[in-house]
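Not measured: the values here are computed from a predicted model. Both counts, for ligands and for their atoms, begin at 1 and track the order of listing.
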Amino acid sequence: MAVAQQVFLRDAMRRLNLTREIFAARIGVKRRALDTWLLPEGSQEFRTMPEVVQRFVTEIVENQHLMEKYAQVVQTGPLRDRIAVEGKHQLLSVEQFTRESVEELFRVADQMQPIARRQKVSRVLEGAVLGNLFFEASTRTRVSFGAAFSRLGGSVCDTTGFTFSSMAKGESIYDTSRVMSGYVDVMVIRHPEQGSVAEFAKATNIPVVNGGDGAGEHPSQALLDLYTILTEFSRLGKLLDGAHIAITGDLKYGRTVHSLVKLLALYKGLKFTLIAPPGLEMPQDVIDQVAKQGNHVIEQYSELADGLKGADVIYATRVQKERFADEQMEGYTADFQINKAVVERYCAEDVIVMHPLPRDSREGAHDLSVDLNPDPRLAIFRQADNGIPVRMAIFAVLLGVENLVQHSMRDVTWSPPSHIGPEDAVFHGMY
Ligand code: NCD
């Protein structure tokens, strides 16, 4: 098979929009057999699916594709052209995606998993240079973009902080962007002002990725969040259409949730419960945008108890105090904290708890509690790990090498760790 079995099956389920249970029934196999076919190759219980099953799945997927083509749902041409902004290959906002194009990106991310999990290496981006320009604090976004680019064989140049950049000498965005374009092949930019990354993008013809523009958007984070939800749901046998997503915390200044709700809105019939302390509610224009599509239900609450009941996903966020204008709040109060007791009290066994991180773990911060760390429902580290395959997919698509990745892979020569973290849940690393 040209692609890994796991990638092939996950893609088929996503395209057909079927849970594992129903997909297994549709192709006439036992759910347990399907589970073993979906494991990463090399894991102990992995089994190769019979060729006849592979042919049958290919046929169903192709039929579905033909039907969509006749209904003119499917667009053709390279993905980077379909998500382009004014013809330029950039990632500025999640608004560039449709459900089809986002799932196509995730197929590329699935293909990256053997590299992200350090079983394979690739050099498809050999010779390319990434300019990582971070004018605002960052740990995981900057490092994961850099690591993703390096794992595809490219090299990375970083700048961090505003004070140490020429912008502190009064240089304009236009000049910085134009000058950088002469040095690097793609730029990832994080900047404290909303709309600033779009300004950088206007001044260049090289691909630009928005790594977070003030309280505006954080598209790569929302993409990895959606990828995480779909991956976790696939394991749990759930579909995203019709799911209940509870989002808690600073929804006013949290750019990750602005991007996430807009991206989730591409699915159908979701129930959003938006739970924010008074004064930190989700901006109305973002709510209006979500309300326009996909017959979603949007409810707003100021207390956890009211919004968490029956949630499939809890997405917690940090108070973005650095962006406060005249808000008085210091942090969350104890009754706003997502912790083990709250999750036990209001949520089901199969809820997943997410957070873009960093969480404020200082005493009295009452951000997402560390007492959930050993709980397999806490998906935050699996979520953060997904930053690598998703960001690799973003680079591969923007630079037009996504079709070369599969054949560029070689085995690693060094020994990677089998478990990355000491508290990894049993499911870690599996689908
Ligand atoms: C977030 C950000 O910078 O927007 N973090 C991230 O990129 N993973 C969230 C935050 O700072 O609270």
*asked:* With a 6.0 Å cut-off (strictly less than), is the heavy-atom count around NZ of K268, excluding the residue itself, greater than 12?
replied: no

*asked:* Here's one to test your reading of the geometry: is the NZ or CZ of R190 within 45 degrees of the ring axis of F134 and under 6.0 Å from its centre?
replied: no

_Atom NZ of residue position K202 - does it have more than 12 heavy atoms of other residues, nucleotides or ligands inside 6.0 Å?_
no

*asked:* Please determine whether any non-hydrogen atom of G212 lies less than 4.0 Å from an atom of ligand 1.
replied: no

*Below 4.0 angstrom from a heavy atom of P356, which ligand 1 atoms are there? Numbered from 1 as shown, please.*
8 (N)

_Where ligand 1 meets T256 - atom numbers and elements under 4.0 angstrom, heavy-atom basis_ = 1 (C), 4 (O)

*If hydrogens are left out, which of K321, R318, E322, R142 has an atom nearest to atom 11 (O) of ligand 1, that is, the closest non-hydrogen atom?*
R318

_Please list the nearest protein heavy atom to atom 4 (O) of ligand 1 with its residue and the distance rounded to 0.1 Å._
R255 NE, 2.8 Å

*Would you check if L38 and R10 make a side-chain contact, meaning some heavy-atom pair closer than 4.5 Å?*
yes

*Identify the protein heavy atom lying closest to atom 7 (O) of ligand 1, giving its residue, its atom name and the separation to 0.1 Å.*
H218 NE2, 2.7 Å

*Under 30°, 30 to 60°, or over 60°: which ring-plane class applies to F149 and F395, parallel, tilted or perpendicular?*
perpendicular

*asked:* For E136, is there an ion pair with R255 - N to carboxylate O distance below 4.0 angstrom?
replied: yes

*If you count the atoms of ligand 1 from 1 in the order shown, which ones are under 4.0 Å from a heavy atom of R190?*
2 (C), 3 (O), 7 (O)

*Would you check, one step at a time, whether the test salt bridge (Lys or Arg N to Asp or Glu O under 4.0 Å) holds for D371 with K340?*
CA-CA 6 Å; D371 73 357; K340 194 156 181 68; over 6 Å; no

*Indicate, as side chain, backbone, both or neither, the part of L357 found under 4.0 angstrom from ligand 1 when only non-hydrogen atoms are considered.*
backbone

*Using heavy atoms and a threshold below 4.0 Å, how should the contact between E136 and ligand 1 be classified: side chain, backbone, both, or neither?*
neither

*Enumerate the atoms of ligand 1 whose separation from the nearest heavy atom of T141 is less than 4.0 angstrom.*
6 (C), 7 (O)

